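Structure first, commentary second.
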2 protein chains.
Amino acid sequence: MDYPRAVPTVPPTNAEPLRADSARVRARMLRAARERLAAGDLELPMNAIAKAAGVGVGTVYRHFPSRQALLEALAAERFALLVDVAERAAVGPDVAAELARLLRAALEHQRADPALAAVLAEPDAARPETRELGEALTAAVERLLERARATGVIRPEITAGNLQALFCGLQHTVRVGGGTGTDRYIDILLRGLRA
Amino acid sequence: MDYPRAVPTVPPTNAEPLRADSARVRARMLRAARERLAAGDLELPMNAIAKAAGVGVGTVYRHFPSRQALLEALAAERFALLVDVAERAAVGPDVAAELARLLRAALEHQRADPALAAVLAEPDAARPETRELGEALTAAVERLLERARATGVIRPEITAGNLQALFCGLQHTVRVGGGTGTDRYIDILLRGLRA
DNA sequence: ACCTGAACACCGTTCAAGT
DNA sequence: ACCTGAACACCGTTCAAGT
């Protein structure tokens with residue numbers, strides 16, 4: 001792919017709220033995109049989304065300057081839920097149980113939302129919101145990890161980066177394996193991380 | 001993607017050898033495809049390969065009825081190497097060492113050849129040769145596994161399918177993690193599999 | 001027999017023209 | 001300001017026409 005890169009005509013973050021009609025149009029596009037995702041179309045063709053939402057393609061690009069930006073907007077909600085799980089895990093009482101819970105949540109949210117799986121696997125965020133979510137996730141995982149090291153639930157050399165890469169690998173394993181055996185793969189991973 | 005499916009005009013397996021010029025043209029296409037892969041283009045556009053190989057697109061399709069078939073043809077050589085490693089591992093003296101060797105080989109061959117990574121992650125083979133390689137791999141892994149269970153190197157409930165899915169997941173983990181830390185991830189996996 | 005490449009239906013992305 | 005949609009450069013795949 002070596003198309004000329006899109007130049008955003010609108011900053012992806014909007015401090016001031018959108019105009020009511022603009023917000024409505026935006027919601028329509030996101031709904032249309034989600035419907036296609038739910039119907040199993042991971043490609044998210046911009047033209048098709050525009051048509052389904054009843055807007056011109058240009059409007060899709062005005063709101064989401066690239067397909068990556070659209071994916072991130074779609075994933076944002078579940079990404080925030082995952083960060084929430086990680087932050088609770090970081091302060092929960094039983095570190096081992098919290099880590100298991102976090103792995104399970106990472107897997108389940110990626111399964112439920114392919115956009116999140118794509119976003120987590122992509123190192124560079126197109127939107128600043130996504131970068132912030134990623135940093136929040138890393139920070140929470142780091143805090144959980146510090147406690148996990150102290151209790152021997154995780155060997156000291158494992159980093160937050162390792163763990164987040166494993167979130168993605170775990171999801172890929174389950175998907176290639178036909179979507180079954182989640183608990184078994186989580187179990188393998190938890191044992192493997194143990195000191 | 002809902003294009004009409006290609007109807008192969010030539011069976012993908014050819015019992016009788018290709019005509020000399022046909023074989024030459026085929027080699028040119030594979031070389032062109034490999035050059036693009038090596039240059040980091042995972043897309044393998046059929047038109048571009050045709051042009052690079054100095055043939056018409058139709059000729060590419062005559063030899064490889066779909067992009068998947070082309071990927072599999074590209075991956076075949078390394079896939080066979082991986083099967084070889086697995087078969088040696090199945091009969092090697094030190095089961096734990098053989099398993100580690102196999103994981104390392106799976107990772108390294110997928111890293112060296114993105115086509116192999118794609119083929120291993122895809123459950124349905126386009127070419128019969130690929131299906132045969134897949135069956136040979138499964139058989140070898142199964143034999144290794146039986147011995148590994150007996151010696152406690154792997155817990156009894158792990159299946160050959162689990163292990164092959166983990167080959168793919170492991171590769172994805174390493175890739176998302178920026179390509180480093182291979183040994184650490186292999187170590188995590190081996191510990192996690194242990195009885 | 002085998003090959004060519006124009007043609008078709010689709011992409012992502014842009015931007016002049018409208019409201 | 002915001003939106004539209006024709007237009008452009010690309011895809012995968014087919015198939016009539018050539019040798």
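Predicted, not measured: the structure shown is a model, and the values here were computed from it. Just so it is clear: chains get the letters A, B, ... in the order the sequence lines come, proteins before strands, and each one is counted from 1.
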Between [atom2] of [N] and [atom1] of [X], the distance in whole Å:
X     : N      : atom1 : atom2 : value
B/K51 : C/dT4  : NZ    : C1'   : 14 Å
A/L42 : C/dC11 : CG    : P     : 14 Å
B/I49 : C/dT4  : CD1   : P     : 15 Å
A/R26 : D/dC3  : CZ    : P     : 11 Å
A/N47 : D/dC11 : CG    : P     : 17 Å
A/R36 : C/dC10 : CZ    : C1'   : 12 Å
B/Y61 : C/dA7  : OH    : P     : 18 Å
B/F64 : D/dT13 : CZ    : P     : 14 Å

DNA chain C base-pair string [pairs: Watson-Crick or G-U under 3.5 Å; |: paired with another strand]: ||.|||||...|||||.||
Check: A/E157 main-chain N/O paired with B/R184 side-chain donor or acceptor under 3.5 Å: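 Flag set: sc B/R184 to bb A/E157 pair under 3.5 Å.
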From the set [options], return the single nucleotide nearest to any side-chain atom of [X].
X     : options               : answer
B/T59 : C/dT4, D/dT13, D/dT4  : C/dT4
B/M46 : D/dG12, D/dC3, C/dC3  : D/dG12
A/V57 : C/dT13, D/dT4, C/dC3  : C/dT13
A/H63 : C/dC2, D/dG12, D/dC3  : D/dC3
A/R67 : D/dT13, D/dC3, C/dT13 : C/dT13

Go through the steps to decide whether B/D113 and B/L37 satisfy the test side-chain contact (heavy atoms from CB on, under 4.5 Å), and finish with yes or no. CA-CA 8 Å; B/D113 190 350; B/L37 264 192; 4.0 Å; yes
Using the closest heavy atom to pick a nucleotide of DNA chain C for each, name whichever of B/R28 or A/L44 lands nearer the 5' end.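 So the residue in question is B/R28.
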Would you tabulate the side-chain donor-acceptor contacts of residues 187-195 of chain B under 3.5 Å, counting partners in other chains and residues two or more places apart, or write 'none'?
from   : atom 1 : to     : atom 2 : distance (Å)
B/D187 : OD2    : A/R155 : NH1    : 2.8
B/D187 : OD2    : B/R191 : NE     : 3.3

Yes or no on side-chain contact (heavy atoms from CB on, under 4.5 Å) for B/E146 and B/E142, after CA distance, side-chain angles and deciding distance? CA-CA 6 Å; B/E146 261 161 49; B/E142 194 58 81; 4.1 Å; yes
Please walk me through it: do B/L70 and B/I49 pass side-chain contact (heavy atoms from CB on, under 4.5 Å)? CA-CA 11 Å; B/L70 172 60; B/I49 287 160; 3.6 Å; yes
Mapping B/G58 and A/G56 to their closest nucleotides on DNA chain D, which lands nearer the 5' end?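 Per heavy-atom nearest nucleotide, the more 5' residue is A/G56.
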Which pairs with one or both residues in residues 133-177 of chain B pass ring-ring contact (aromatic ring centres under 6.0 Å, His included), sequence neighbours excluded?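 Found A/H172-B/H172.
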So B/T173 and A/N162, side-chain contact (heavy atoms from CB on, under 4.5 Å) or not? Walk me through it. CA-CA 8 Å; B/T173 302; A/N162 289 156; over 6 Å; no
